Amino acid sequence: MQLSKLETLIAQDSKLLFTLTSYVLIFMIYANVSILQSSILGIVASSLYVLINATFLGHAFFGKEAAFFRFMLGLLSLVMLIGFVAWLALIIQNLNVTWFTLVLFVVATLSSLLNRRMKDRNANESAKPN
Amino acid sequence: MPMRAPSPTKFLRLIELLYLILIVLSFYLLFLSRTGEAHTVWEVLHPAFIPVFFIVTSLLVAILATSEKASYKLLLVIVHSILVHSLLSIIFPVGDLSGQQMVLGRTRLVYENAVLHGWPPWQVETVQSQIYQFFRGENFQAALSVVISRMCGVDILEIHLFLVPVLWGVFSPIAAYLTAHTLTKNEKLAVMSSLIISAFPYTIYFGAISVPNSLGFIFFFYALYFMLKNLESNDSKSKFLMLAFSFISLLSHYLTGIMSLSLLILFLAFKSYRSEKSPSSTAKASLLISFAFCSSLLPLSLIYLRFFRSGTFTAFTLDKLCQLPLEESVGLFFLGQLIYGFDLKTVFLVVVGPTVALIYLAHILYRSRSRKILSKAQISFLFAAFLLMLVDYRILKLLMEGLPLNEERLWVFRDFIAAPFVTLAIFGTCSSIHSVLKARSSPTVSSGSLKSLSKSNAIRVSTLLLVINIVTSMVLAGWITFSLTAAYPQVGPLQTTWYELEAVRYIEETTDEKYVVIGDIWTIFAGEVIVGIYNPRAYYFVEYDTRGITLFNKMREEPSPEVMIEAMNQTGTDTTVAYFIVTEPRLGTDEFNRVVSLTLENEQLRSEAVFIFGDGKLYVFSYRKQQGV
């Protein structure tokens, strides 16, 4: 019950709260890679980043699926998106810390935009008279 | 005080708890088996692992037969699946030898920032080669591994080792579930299908090694699922996802990309065929032509790969058919090459599942002529896809030579399609047995109506049902355990040893200057996982680089500082230190002793530092370039 509430809260992303949280997490990951180099901090920050963005993508593409599949398919889409954007960065330039941070930023922005776009579309669809 | 019988839910929770405890025990047994010197996992695997694994799998099958929530059941299957695919990554310190270490060698280049201005870091002569370099699967995997590694602050070695076992373990059961659910709308059957995917040795093996092809298989599986979904619903979202997964499967590996493309074209042909209310003979003929075209895509693309990748000499040939005796041709036609020393039992394992699936598929389609069945379009499409795999495999096996990959990789595609139909066949058989029981035990065998039977009859029927359930669980668990034993190679070269890794790490940690290492291919594999390949600071020759092989042979025959200097000059950078590594188990004791004593006889090499690892099994000789040389 609590998990589904959290999922709804993230997917609603009111006042872009979770998108901004995602950006803060990217900054934390960047600081961790550049200075702290702590696995614990890295795993915690990445898990939160993954949770937020997988939920965004899950809602964007798999809104009609059951909660479990929505999250898991969102997670797979996130893996795909990260892989694709990172692949682009690699063939264009490289994947040093700066480019890596840029990859995370692009992925977070795309996930948030897709989530918002689908939310608007779903809202429009439900507002249509029968 | 009267004792109350535990409720079924409590009993189920207890079974689930027992299952989880045994899964943890299985992982613990794998960690206990961890070794730095073995050829195969079977040499060192804890003797209790297989019995515990069998019990765990039996429990899982029993849980899957209950009315537990599908998502909980899937979580349990996922944990089991990760266990099945983690043997190599947990037991060997750097995973399976060769393939995945080569990929890690190239990934390290990206991780260590040795790639600065786009891929590839070396000069490429033609535009086609450049395109090939952009789209080779290693790039996608390297990019993904490096990002995850940097995000978590964990070394690339650990991330690379577990990337595919975890992704495969998590996502392939879900894909199998979704595919089977789309076809049957039966949750229990779909969950069982997600476990049955682990009953195919080839899918277990490819899910255990972190190579681009394995990653591509995962995305292919989802591309296939979204094709089925689109056949059902025809919505734009599933169309987009089908295309996206196909594209990512192409980025992951050309084999999975081409197979996705073939199925996409076949899918379009199917859609156009279905759009006609009463298909004409022209529509039927065009469907057949599309099938032939899709079947030829893979063989033709392998031929034309030579335009993009130098050193590829794939061609059509009739030599294999002409030279082989008839019985061998027939054997190859049905079974394929028996690799990894596969014995008859393994052939049985590899062939029987897909054969059952094919027969059941044909049976469903035949039945559909007389009565309406659910998902006929999807089943027909999967039947065509299954046939396409079989045709392509035979073409590659019997009519082509110089292939850049082994044909048995196609079995993984075939097994993905086979899994739901094998499950359907099992369910069909079980329900037939239940029907027979129903007919023989009047009036019925349902637990509710057992009360209406006489005591002796009720006991007899309950025992029969219990025996059927236990036997089914044990047979399935036995099959999966047997597949696990067949999936991991029974013979193999000595895996990268702890002392090879220790030597490579020691060199890396203690050398401040740029250095080059002369060693055999096994040393190169060890070097790849620690510092990468062609690293300008810590240079290991790539596995197939003849310069590295020549230098190693020169050092074996006549060890001298001149050869070491030659190696330094070949790195293309201002390298000032060279190392020469020899290992006893790789060379053999006599040859090792000869090379070591010959090297020590050289006064200049003897006067430099010599390091010994693995209780004398590995020697590292060094040479520092003098000023002005």
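Chain naming here is simple, since letters A, B, ... match the order of the sequence lines and numbering starts at 1 in each. Scope of the values below: all heavy atoms of this structure, side chains included, with no hydrogens, waters or symmetry mates. Everything numeric here is computed off the predicted structure, so don't read it as measured data.
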> Looking at B/Tyr225, B/Tyr177, B/Phe171, which one forms a ring-ring contact (aromatic ring centres under 6.0 Å, His included) with A/Phe69?
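Answer to the ring-ring contact (aromatic ring centres under 6.0 Å, His included) test with A/Phe69 among B/Tyr225, B/Tyr177, B/Phe171: B/Tyr177.
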> Which residues from residues 25-37 of chain A are near chain B, with near meaning under 4.5 Å between non-hydrogen atoms?
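Result: A/Ile29, A/Val33.
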> Can you check whether A/Phe100 reaches B/Val146 side chain to side chain, under 4.5 Å on heavy atoms?
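Answer no - side chains too far apart.
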> With a 6.0 Å cut-off (strictly less than), is the heavy-atom count around OH of B/Tyr72, excluding the residue itself, greater than 12?
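Open.
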> Where does the angle between the aromatic ring planes of B/Phe240 and A/Phe61 fall among parallel (under 30°), tilted (30 to 60°) and perpendicular (over 60°)?
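B/Phe240 vs A/Phe61 ring planes: parallel.
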> Any salt bridge linking A/Glu65 with B/Lys237? Criterion: basic side-chain nitrogen under 4.0 Å from a carboxylate oxygen.
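No, A/Glu65 and B/Lys237 are not salt-bridged.
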> Select one option (side chain, backbone, both, neither) describing which atoms of B/Leu215 are under 4.5 Å from chain A's heavy atoms.
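For B/Leu215, no heavy atom lies under 4.5 Å from chain A.
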> At a 4.5 Å cut-off on heavy atoms, which part of B/Lys229 comes close to chain A: side chain, backbone, both, or neither?
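For B/Lys229, the side chain is the part near chain A, not the backbone.
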> Which atoms of A/Leu73 are under 4.5 Å from chain B, going by heavy atoms: the side chain, the backbone, both sets, or neither?
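The side chain, not the backbone.
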> Side chain, backbone, both or neither: which part of A/Leu104 has a heavy atom under 4.5 Å from chain B?
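Just the side chain, heavy atoms under 4.5 Å.
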> On a heavy-atom basis, which atom in A/Gly83 and which in B/Ala143 lie closest, and how many Å separate them?
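Smallest heavy-atom distance, with atoms named: O-CB, 4.2 Å.
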> Give a yes or no on whether B/Ile131 atom CD1 has more than 12 heavy-atom contacts from other residues, nucleotides or ligands under 6.0 Å away.
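Counting other residues, nucleotides and ligands, CD1 of B/Ile131 exceeds 12 neighbours.
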> For A/Met80 and B/Phe219, which heavy atoms make the closest approach, and how far apart are they?
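So the two residues come closest at CG-CE2, 3.5 Å.
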> Counting heavy-atom pairs under 4.5 Å to chain B, which of A/Ala66, A/Ser77, A/Ser46, A/Ala67 comes out on top?
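The candidate making the most pairs under 4.5 Å is A/Ser46.
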> Please classify the contact of B/Ile148 with chain A as side chain, backbone, both or neither, using a heavy-atom distance under 4.5 Å.
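For B/Ile148, there is no contact with chain A at all, as no heavy atom is under 4.5 Å.
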> Rounded to the nearest 0.5 Å, how far apart are CG of A/Leu90 and CZ of B/Phe140?
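So the gap between those two atoms works out to 11.5 Å.
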> Looking at every non-hydrogen atom in both residues, tell me the closest pair between B/Met151 and A/Tyr49 and how far apart they are.
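Closest heavy-atom pair between B/Met151 and A/Tyr49: CE-CD2, 3.4 Å.
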> Among B/Ile248, B/Val154, B/Leu167, who wins on heavy-atom pairs under 4.5 Å with chain A?
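Among B/Ile248, B/Val154, B/Leu167, the one with the most close pairs to chain A is B/Ile248.
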> When rounded to the nearest 0.5 angstrom, what distance separates CG in B/Leu109 from CG in A/Asn94?
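Here the rounded value is 12.0 Å.
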> Where is the tightest heavy-atom contact between A/Trp87 and B/Phe134, given as atom of each residue plus distance?
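Looking at all heavy atoms of both residues, the closest pair is NE1-O, 2.9 Å.
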> Between A/Val79 and B/Leu144, which heavy-atom pair has the shortest distance, and what is it?
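Of all heavy-atom pairs spanning A/Val79 and B/Leu144, the closest is O-CD1, 3.5 Å.
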> At a heavy-atom separation under 4.5 Å, does B/Tyr111 approach chain A through its side chain, its backbone, both, or neither?
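It is neither, since no heavy atom gets under 4.5 Å.
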> Quick one: NZ on A/Lys64 to CG on B/Asp235, what's the gap to the nearest 0.5 Å?
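That separation rounds to 6.5 Å.
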> Counting only heavy atoms closer than 4.5 Å, note whether B/Leu163 contacts chain A via side chain, backbone, both or neither.
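The answer is neither part of B/Leu163.
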> Are B/Ile174 and A/Leu76 side-chain neighbours, meaning at least one heavy-atom pair lies under 4.5 Å?
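When only atoms from C-beta onward are counted, A/Leu76 and B/Ile174 do not touch, as no gap falls below 4.5 Å.
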> Restricting to non-hydrogen atoms, name the atom on A/Ser39 and the atom on B/Gly153 that form the minimum distance, rounded to 0.1 Å.
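Looking at all heavy atoms of both residues, the shortest contact is OG-O, 3.0 Å.
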> At a 4.5 Å cut-off on heavy atoms, which part of B/Ala244 comes close to chain A: side chain, backbone, both, or neither?
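Both parts, backbone and side chain.
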